[in-house]
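Scroll down for the structure; my scribbles are underneath it.
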Amino acid sequence: MKVKHSKYKNTGILFELLTRQLTSDTITGDQSKSLSFLKKHFNSKTELLKEYKIYHTLATKKYDNENQATMLIEELIKAHERLNKSQLRREKYNLIKEIKDTYNVNDFFKAKITDYKVMASVFNLLENKTATALSSTFLENLVMSFLTSLISWLR
């Protein structure tokens with residue numbers, strides 16, 4: 001079963017958009033609701049924070065060794081499987097409902113995200129556990145991004 005990517009369900013993108021909105025509101029001097037959303041929905045007691053940590057690790061961690069990258073992906077997929085899915089769905093629903101009630105959804109989700117492809121790949125990897133081709137593509141991305149940064153650093 002192929003999983004289609006959804007910005008609304010992608011915890012990494014939701015977190016990124018809320019922090020961008022917080023920054024934007026702070027710069028313009030407006031009172032930001034996004035800070036209260038972050039505190040309420042991404043605190044140590046929520047499944048959303050646990051899932052966000054998995055997204056963040058997969059999106060930012062770099063390895064020079066394919067075996068290490070494979071082990072990281074496998075462990076994070078296992079950690080994601082241990083999350084309370086019904087609570088996670090409920091928390092995402094409530095967060096998205098509050099975002100829709102507070103912001104213009106079209107404007108809120110219109111912001112350009114630099115790591116969109118990576119976040120979409122992480123979403124698809126976590127939602128589609130049997131995606132061996134996808135995980136190998138993601139694995140190549142982890143290793144290649146490390147090698148690219150290493151080569152640019154050596155120059």
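Sequential numbering from 1 along the given sequence is applied to the chain's residues.
Counting heavy atoms from C-beta outward, Asn84 and Ser86 have side chains that approach closer than 4.5 Å.
Using modelled atom types, no side-chain atom of Ser24 and backbone atom of Arg20 make a donor-acceptor pair closer than 3.5 Å. Between the side chain of Thr46 and the main chain of His41, a donor-acceptor pair closer than 3.5 Å is present. Remark: the backbone N or O of Lys33 is paired with a side-chain donor or acceptor of Ser36 at under 3.5 angstrom.
Between the side chains of Ser32 and Asp30, no donor-acceptor pair of N or O atoms lies under 3.5 Å. Asn94 and Glu98 share no donor-acceptor pair across their side chains, judged by distance under 3.5 Å alone. When only modelled atom types and interatomic distance are considered, His80 and Glu51 share a side-chain donor-acceptor pair under 3.5 Å.
Residues satisfying the side chain to side chain contact (heavy atoms under 4.5 Å, CB included) criterion with Glu74, sequence neighbours excluded, are Thr70.
When each of Ile13, Leu14, Val105 is checked for a side chain to side chain contact (heavy atoms under 4.5 Å, CB included) with Tyr8, only Val105 meets the rule.
Under a 4.0 Å N-O distance rule, the pair Lys50/Glu47 qualifies as a salt bridge.
To the nearest 0.5 Å, the span separating OH on Tyr55 from CG on Leu76 amounts to 12.0 Å.
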Scan the side chains in residues 107-117 for donor-acceptor partners under 3.5 Å anywhere in the protein, sequence neighbours excluded, and list what turns up.
from   : atom 1 : to     : atom 2 : distance (Å)
Asp107 : OD2    : Asn104 : ND2    : 3.4
Tyr116 : OH     : His5   : ND1    : 3.1

